[in-house]
> 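To start, I am sharing the structure in question, which I have written as structure tokens.
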Amino acid sequence: MYVVMLHYTAPAEEVNLVLPDHSNWINRHYQSGDFIIEGRRSPRPGSVIIACDMARGRLDAILATDPLVREHLVRPEVITFEALRTVPELARYADRLAGG
């Protein structure tokens, strides 16, 4: 799995103009099963996305289509991790990683 930290590189006013398109992009990737969690960081220096297990190249290609990335308003930082334990509602994600 991946934790994607989106670090704002532009003033909030500029970011806010693109947020509706970013929200639509997030929704598409929820529907396709690529993302399982997304939210704002507090205080608001950016946001966080938890992405499902996939080839790293595929994740990079997905992130490149984010309107905030395309407009150079955020810098994505990707952290790879193995989900070993989780609450029962998310167990299927840990099982995929364990080969189950």
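Values in this document were obtained by computation on a predicted structure and should not be read as measured data.
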> Has R28 got more than 12 heavy atoms of other residues, nucleotides or ligands less than 6.0 Å from its CZ?
yes
> Quick check: do M1 and I50 have side-chain heavy atoms less than 4.5 Å from each other?
yes
> Could you please spell out the steps behind the side chain to side chain contact (heavy atoms under 4.5 Å, CB included) verdict for E71 and D21?
CA-CA 11 Å; E71 296 294 324; D21 292 334; over 6 Å; no
> Between A64 and V69, which heavy-atom pair has the shortest distance, and what is it?
CA-CG1, 4.3 Å
> Which pair of non-hydrogen atoms, one from M54 and one from D34, has the smallest distance, and what is that distance?
CE-O, 3.7 Å
> State, to 0.1 Å, how close S47 and G39 come at their nearest heavy-atom pair, and which atoms those are.
CB-O, 3.1 Å
> Would you indicate whether the side-chain heavy atoms of V4 and V48 approach each other to under 4.5 Å?
no
> Rounded to the nearest 0.5 Å, what separation is found between the CG atom of L63 and the OH atom of Y2?
10.0 Å
> Going by side-chain contact (heavy atoms from CB on, under 4.5 Å), name the residues that satisfy it together with E14, two or more places apart in sequence or in a different chain.
A10, P11, L73
> If you measure from CD on E38 to OG on S23, what distance do you get to the nearest 0.5 Å?
7.5 Å
> Is a donor on one side and an acceptor on the other found under 3.5 Å between the side chain of T9 and the backbone of H72?
yes
> So, does S32 use its side chain to make a donor-acceptor pair with the main chain of H29 at under 3.5 Å?
yes
> Check the pair H22 / L19 against side chain to side chain contact (heavy atoms under 4.5 Å, CB included), numbers first and verdict last.
CA-CA 5 Å; H22 173 74; L19 282 181; 4.2 Å; yes
> Work out which heavy atom in G33 is nearest to a heavy atom in C52; give both atom names and the distance.
O-SG, 3.2 Å
> One pair to check against side chain to side chain contact (heavy atoms under 4.5 Å, CB included): I49 and V3. What are the steps and the verdict?
CA-CA 6 Å; I49 299 167; V3 175; over 6 Å; no
> Check whether the ring centres of W25 and Y30 lie less than 6.0 Å apart, and answer yes or no.
no
> Which atom pair, heavy atoms only, marks the closest approach of R70 to T65?
NH1-O, 2.7 Å
> Looking only at non-hydrogen atoms, find the nearest pair between F35 and A51 and report the distance.
CD2-CB, 4.0 Å
> Go through it in stages, so that I can follow the logic: the residues are H7 and V74, the test is side chain to side chain contact (heavy atoms under 4.5 Å, CB included), and I'd like the CA-CA distance, side-chain angles, deciding distance and then a yes or no.
CA-CA 5 Å; H7 303 281; V74 298; over 6 Å; no
> List for me each residue that meets salt bridge (charged side-chain N to carboxylate O under 4.0 Å, His left out) alongside D60, sequence neighbours excluded, and say none if there are none.
R56
